[in-house]
Amino acid sequence: MTVPSFQPLQGMSDLAAPEIYLWQEVEETARRILALYHVGEVRTPILEPTGLFVRSLGEGTDVVQKEMYTFEDRGGRQVSLRPEGTAGVIRFLAGQGDEAAGARVYYLGPMFRAERPQAGRRRQFHQLGVELIGPPNPAQDVEAVAMQQHLLNAWGLHGARIEINTRGLPDEQDAVSAGIRRALEPDAGRLCEDCRRRLLTNVLRVLDCKQEGCRALVDKLPPVTDFMGQESRAYLEEVKRLLALMELPVEINPRLVRGLDYYLHTIWEIKHPALGAQDALSGGGRYRIEWEGAVVEGVGFAAGLERILTALQQEKGHPAGTAQGRPVAWIVSQGAGTLEQNLVLAQTLRRRGVPCGLALDGRSVKAQMRAANRSGAAFAVIRGELEREKGLVVLKNMKDGTQEELELPALLERLLLATRAEVAST
RNA sequence: GUGGGUGUAGCUCAGUUGGCAGAGCACCAGGUUGUGGCCCUGGGAGUCGCGGGUUCAAAUCCCGUCAUCCACCCCA
């Protein structure tokens with residue numbers, strides 16, 4: 001079978017107009033908000049040594065075991081396309097040594113996971129992530145949550161819920177799993193088929209099963225903190241106190257779990273009802289990652305931009321963002337020699353900052369006017385043989401249809417004015 | 001990796017018991033010998049995803065395959 005070569009690989013997409021405008025809005029908003037929190041951007045490579053991800057995410061995680069794009073490079077090194085952003089940032093910061101203490105960074109870019117695509121899941125997808133470096137500190141965790149809340153507001157997403165919980169300390173994980181398993185075992189017969197398997201393989205996954213029967217049982221489970229020590233419980237209590245103090249609308253979900261090995265203490269997730277099975281817009285938590293003998297501690301979160309976009313489109317009912325780059329003027333030519341003259345005119349206008357377009361293929365005036373209309377230009381500038389003889393140009397207002405003849409300096413002035421008005425209104 | 005739905009014009013889709021490949025939108029041209037939008041007329045465009053099979057005859061039935069969508073696993 002021939003694979004049409006004009007199609008991207010499975011699960012990968014070309015992003016172009018009109019959706020690209022919504023992407024740009026979302027990204028610009030994020031950069032603006034993060035600047036308020038004194039968080040700076042870092043751009044790390046998309047390709048990293050495979051070992052970086054294996055060691056930071058955990059050898060047993062699905063991401064590492066079956067979802068990475070891993071291959072050998074020309075030097076025989078095992079490399080992988082990044083499946084998430086934290087590891088690369090941590091590698092970077094670990095190399096900074098003491099300089100990295102208290103670092104506050106964000107990243108925004110493509111990630112890769114070789115999963116089967118579905119709603120809200122692509123093989124190449126985009127994440128915005130924030131990492132605040134520092135030892136465990138409830139205040140820092142709450143600051144990160146506040147930042148997330150601020151981002152959601154700024155994007156205009158109102159249907160999103162923030163759920164928060166604790167993962168406790170690494171050496172408490174076995175006790176938590178064992179405790180949950182013990183609590184579920186008496187009712188094992190009432191769990192769904194998948195969950196009976198999860199009981200053995202990955203108990204914590206039962207906690208976010210979507211089957212109703214399982215949910216009923218899960219709701220009656222003791223909170224995970226019951227299986228944790230005093231330190232973990234006190235940490236969560238302090239986080240809750242600070243969240244209330246800052247009046248952040250978050251919900252404590254004592255049964256929220258997150259899978260990556262590096263998490264400890266505070267973890268959270270943002271869900272949106274309009275997204276189908278993949279309803280998590282964003283996830284975050286406190287972590288501790290070791291790399292080449294260096295230890296990096298911090299708190300962070302990552303938001304799936306495709307999912308943010310989908311949620312925004314659903315909430316607002318608009319399929320795409322606002323069109324940008326609309327020209328102020330569209331130049332129309334007619335007759336021998338006017339095309340090249342108008343090409344020069346267009347360049348003059350553009351050098352002065354007036355966005356304008358013109359057709360280069362010498363079509364009829366009617367066709368060029370149609371193009372002017374389609375472009376959304378506020379004015380058509382008509383300069384054909386007649387105008388050239390008179391040394392004038394025709395300026396037509398596309399909105400009301402009126403037109404007048406002007407000399408070039410007057411035209412330039414009018415269009416500069418219109419450009420400023422256009423800029424002011426956006 | 002597993003399961004189900006869908007692949008027909010640039011886009012959204014119709015196509016009956018197997019019998020000439022269609023519509024709307026978009027695009028192009030004309031109606032207006034130099035003026036857009038609304039209207040009218042005309043036009044171009046399709047390997048019916050691909051490969052095989054059944055049949056006098058396949059978009060239609062069968063098998064395979066690829067893509068896509070949805071779900072599972074898992075995750076943003």
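Protein chains get the first letters and strands the later ones, always in sequence-line order, with residue 1 at the start of each.
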A:Arg307 side chain to A:Gly120 main-chain N or O, any donor-acceptor pair under 3.5 Å?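 Yes; at least one donor-acceptor contact below 3.5 Å.
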Mark yes or no for whether A:Asp279, through its side chain, and A:Leu275, through its backbone, hold a donor-acceptor pair below 3.5 Å.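 No.
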Can you tell me if A:Gln118 touches the phosphate of B:C69, counting only side-chain N or O atoms and a distance under 4.0 Å to OP1 or OP2? no
If only side-chain N and O atoms of A:Arg122 are considered, is one of them under 4.0 Å from the OP1 or OP2 phosphate oxygen of B:C69?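 Indeed, a polar side-chain atom of A:Arg122 lies that close.
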With [atom1] as the reference atom in both, quote the distance from [N] to [M] in angstrom, rounded to an integer.
| N | M | atom1 | value |
| --- | --- | --- | --- |
| B:A9 | B:A26 | C1' | 11 Å |
| B:C69 | B:C13 | P | 14 Å |
| B:G19 | B:C28 | P | 36 Å |
| B:A59 | B:A21 | C1' | 8 Å |
| B:G46 | B:C20 | C1' | 15 Å |
| B:G52 | B:U68 | P | 23 Å |
| B:U12 | B:C70 | P | 15 Å |
| B:G44 | B:C38 | C1' | 24 Å |

Pair A:Glu131, A:Thr86: side-chain N/O donor-acceptor within cut-off below 3.5 Å: yes
Go through the side-chain N and O atoms of A:Gln314 and A:His272 and say whether any donor and acceptor fall under 3.5 Å apart.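 No, no side-chain donor-acceptor contact under 3.5 Å.
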Starting from [atom2] on [N], measure out to [atom1] on [X] and report it in whole angstrom.
| X | N | atom1 | atom2 | result |
| --- | --- | --- | --- | --- |
| A:Lys66 | B:G1 | NZ | P | 11 Å |
| A:Glu306 | B:C69 | CD | P | 12 Å |
| A:Gln10 | B:G1 | CD | C1' | 12 Å |
| A:Glu19 | B:C11 | CD | P | 14 Å |
| A:Glu131 | B:A76 | CD | C1' | 13 Å |
| A:Asp62 | B:A76 | CG | C1' | 15 Å |
| A:Phe125 | B:C74 | CZ | P | 17 Å |

Those residues that, when tested against A:Ile46, pass side-chain contact (heavy atoms from CB on, under 4.5 Å) (two or more places apart): A:Leu81, A:Arg82, A:Pro110, A:Phe112
Locate the shortest heavy-atom distance separating [X] from [Y]; write the atom from each residue and the value.
| X | Y | value |
| --- | --- | --- |
| A:Phe92 | A:Thr44 | CB-CG2, 4.4 Å |
| A:Ala87 | A:Ser56 | CB-OG, 3.2 Å |
| A:Arg326 | A:Pro355 | O-CB, 4.3 Å |
| A:Ala30 | A:Leu128 | CB-CD2, 3.7 Å |
| A:Pro222 | A:Ala183 | CD-CB, 4.3 Å |

Let me spell it out: for each of A:Tyr263 and A:Met12, pick the nucleotide of RNA chain B with the closest heavy atom. Which residue's pick is nearer the 5' end? A:Met12
Between A:Leu9 and A:Gly304, which is nearer to the 5' end of RNA chain B once each is assigned its nearest nucleotide? A:Leu9
Taking both distances under 3.5 Å as the test for a Watson-Crick or G-U pair, what stems of at least three pairs does RNA chain B have?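 Result, WC/G-U stems under 3.5 Å: B:1-7 with B:66-72, B:10-13 with B:22-25, B:27-31 with B:39-43, B:49-53 with B:61-65.
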Under 4.0 Å between any heavy atoms, over every strand shown, what does [X] touch: base, sugar-phosphate, or nothing? Just pick one.
| X | result |
| --- | --- |
| A:Gly335 | nothing |
| A:Arg258 | sugar-phosphate |
| A:Gly376 | nothing |
| A:Ala119 | sugar-phosphate |

B/S/- along nucleotides 30-39 of chain B (protein heavy atoms under 4.0 Å) is -B--BBBB--
Measure up the A:Tyr235 and A:His265 rings against each other and bin them: parallel (under 30°), tilted (30 to 60°), perpendicular (over 60°). parallel
Side chain to side chain, A:Val295 and A:Arg288, heavy atoms closer than 4.5 Å: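 Counting from C-beta outward, A:Val295 and A:Arg288 do come under 4.5 Å.
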Does any non-hydrogen side-chain atom of A:Pro45 lie less than 4.5 Å from one of A:Arg91? yes
Between A:Lys390 and A:Glu405, does any side-chain N to carboxylate O distance fall below 4.0 Å? yes
In terms of side-chain geometry, is the basic nitrogen of A:Glu251 or A:Lys271 positioned less than 4.0 Å from the acidic oxygen of its partner?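 No.
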Close approaches to RNA chain B from residues 266-284 of chain A, in residue order (heavy atom, under 4.0 Å): A:Gly276, A:Ala277, A:Gln278, A:Ala280, A:Leu281, A:Ser282, A:Gly283
Tell me which residues in residues 151-168 of chain A lie within less than 4.0 Å of RNA chain B, going by non-hydrogen atoms.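 Under 4.0 Å from RNA chain B: no residue of residues 151-168 of chain A.
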Check: B:C72 base within 3.5 Å donor-acceptor of A:Arg116 side chain: no
Can you list the residues that meet the salt bridge (Lys or Arg N to Asp or Glu O under 4.0 Å) rule with A:Arg414, with sequence neighbours excluded? A:Glu404
